[in-house]
Amino acid sequence: EKKRQEEERIKREAEVMKKLLEEMLKENAGIDNAFLIKGKGLILRVPRDAQEIKNEGAALHHCVGTYVDRVAKGQTHIFFVRRVEEPDTPYFTMEYNNDRVIQCRGSHNCGMPPSVKAFVNAFETMMKGCKERERKKVV
């Protein structure tokens, strides 16, 4: 019975995620820049400088502050997921590298709620679309 309930929960979550992702992609249709993505009360922000990345790690009690050197060398990319009404307040931190989201963590390394997960999936989908359009321009 527990296994069946867990399977149902996973199925319901997948359906919710699919719906949220579709809504966000529809809301962002026509936007060619994944960095301008928005949806479900969330926006994406690029850190202003190294100190802001360090402050993010301190505020959310996770290790992103130690990524500054890798970001400076172009080895990885850090983005901030923010609530629209609090664009300067840390909420979730996303690492993007090699054309995919490596991780996205909130306070004390907590996992993503469905709205953030859908937002991150929409960002990743839009980035892939941007890369594909760039490849077609080159050919």
Side-chain angles (χ1 to χ4, degrees):
E1 178 61 21
K2 281 187 177 186
K3 183 179 179 184
R4 184 189 65 74
Q5 288 176 345
E6 179 65 12
E7 288 172 353
E8 285 181 18
R9 184 189 65 76
I10 290 170
K11 184 179 176 184
R12 282 192 309 273
E13 279 185 11
E15 289 171 0
V16 167
M17 286 299 305
K18 182 180 178 189
K19 183 179 178 192
L20 286 171
L21 178 60
E22 288 172 357
E23 288 174 7
M24 281 192 209
L25 290 174
K26 185 176 180 181
E27 183 177 338
N28 288 284
I31 295 175
D32 286 337
N33 187 339
F35 300 115
L36 300 177
I37 188 173
K38 61 181 178 179
K40 298 299 174 198
L42 301 172
I43 58 170
L44 188 74
R45 258 214 37 230
V46 177
R48 292 180 189 107
D49 55 31
Q51 188 59 50
E52 192 172 29
I53 295 172
K54 291 177 183 178
N55 293 346
E56 179 92 352
L60 293 178
H61 304 281
H62 59 43
C63 65
V64 75
T66 66
Y67 287 44
V68 170
D69 288 339
R70 289 194 285 161
V71 171
K73 293 176 184 174
Q75 296 170 339
T76 197
H77 307 281
I78 298 297
F79 301 101
F80 300 151
V81 177
R82 299 288 199 242
R83 292 182 180 106
V84 170
E85 67 274 4
E86 300 176 297
D88 294 319
T89 301
Y91 184 49
F92 275 81
T93 312
M94 180 175 67
E95 179 184 10
Y96 182 81
N97 196 5
N98 295 324
D99 299 331
R100 68 185 185 95
V101 174
I102 306 298
Q103 60 181 328
C104 186
R105 299 287 179 200
S107 181
H108 295 87
N109 280 318
C110 72
M112 298 176 279
S115 61
V116 173
K117 195 172 212 174
F119 182 85
V120 167
N121 287 344
F123 169 79
E124 197 169 37
T125 299
M126 290 179 73
M127 285 296 284
K128 287 177 183 173
C130 290
K131 291 249 181 203
E132 187 60 34
R133 284 190 295 280
E134 284 300 313
R135 276 184 232 145
K136 287 180 181 177
K137 286 181 185 177
V138 172
V139 174

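- Hydrophobic clustering places F79 together with M126 (ILVMFWY residues linked when any side-chain heavy atoms are closer than 4.5 Å, directly or through intermediates).
- I43 and V120 sit in two unconnected hydrophobic clusters of ILVMFWY residues. Membership requires side-chain heavy atoms under 4.5 Å apart, directly or through other members.
- Separating the CZ atom in R105 from the CE atom in M112 is a distance of 7.0 Å, to the nearest 0.5 Å.
- Distance check: R82 CZ to E56 CD gives 4.0 Å after rounding to the nearest 0.5 Å.
- Follow the hydrophobic side-chain contacts under 4.5 Å out from M94 and you never reach Y67; the two are in separate clusters.
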For this session: Start with the C-alpha gap between F80 and T93, add the side-chain angles, then the distance that decides, and say whether side-chain contact (heavy atoms from CB on, under 4.5 Å) holds.
Result: CA-CA 5 Å; F80 300 151; T93 312; 4.2 Å; yes
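- Considering SG of C110 and CZ of F92, their distance stands at 4.0 Å, rounded to 0.5 Å.
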Return a table of donor-acceptor pairs under 3.5 angstrom between the side chains of residues 95-102 and protein atoms on other chains or two or more places apart.
unit_1	atom_1	unit_2	atom_2	d
E95	OE1	Q103	NE2	2.8
E95	OE2	T76	OG1	2.7
N97	ND2	Q75	O	2.7
D99	OD1	K131	NZ	3.2

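- Under 4.0 Å is where a charged nitrogen must lie from a carboxylate oxygen, and between K11 and E8 no such pair does.
- Neither V46 nor I53 shares a network with the other; the hydrophobic side chains, linked directly or stepwise wherever heavy atoms of I, L, V, M, F, W or Y lie under 4.5 Å apart, form separate groups for each.
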For this session: For side-chain contact (heavy atoms from CB on, under 4.5 Å), just list the numbers for T89 and R83, CA-CA rounded to whole Å, side-chain angles, deciding distance to a tenth of an Å, and then say yes or no.
Result: CA-CA 8 Å; T89 301; R83 292 182 180 106; 5.7 Å; no
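- To the nearest 0.5 angstrom, L42 atom CG is 8.5 Å from E85 atom CD.
- Remark: side-chain polar atoms of R45 are paired, donor with acceptor, to backbone N or O of P87 under 3.5 angstrom.
- For the salt bridge (charged side-chain N to carboxylate O under 4.0 Å, His left out) test, residues two or more places apart in sequence or in another chain that qualify with E6 are R9.
- In this structure, F123 is a member of the same hydrophobic cluster as V116, with clusters built from ILVMFWY side-chain heavy atoms closer than 4.5 Å.
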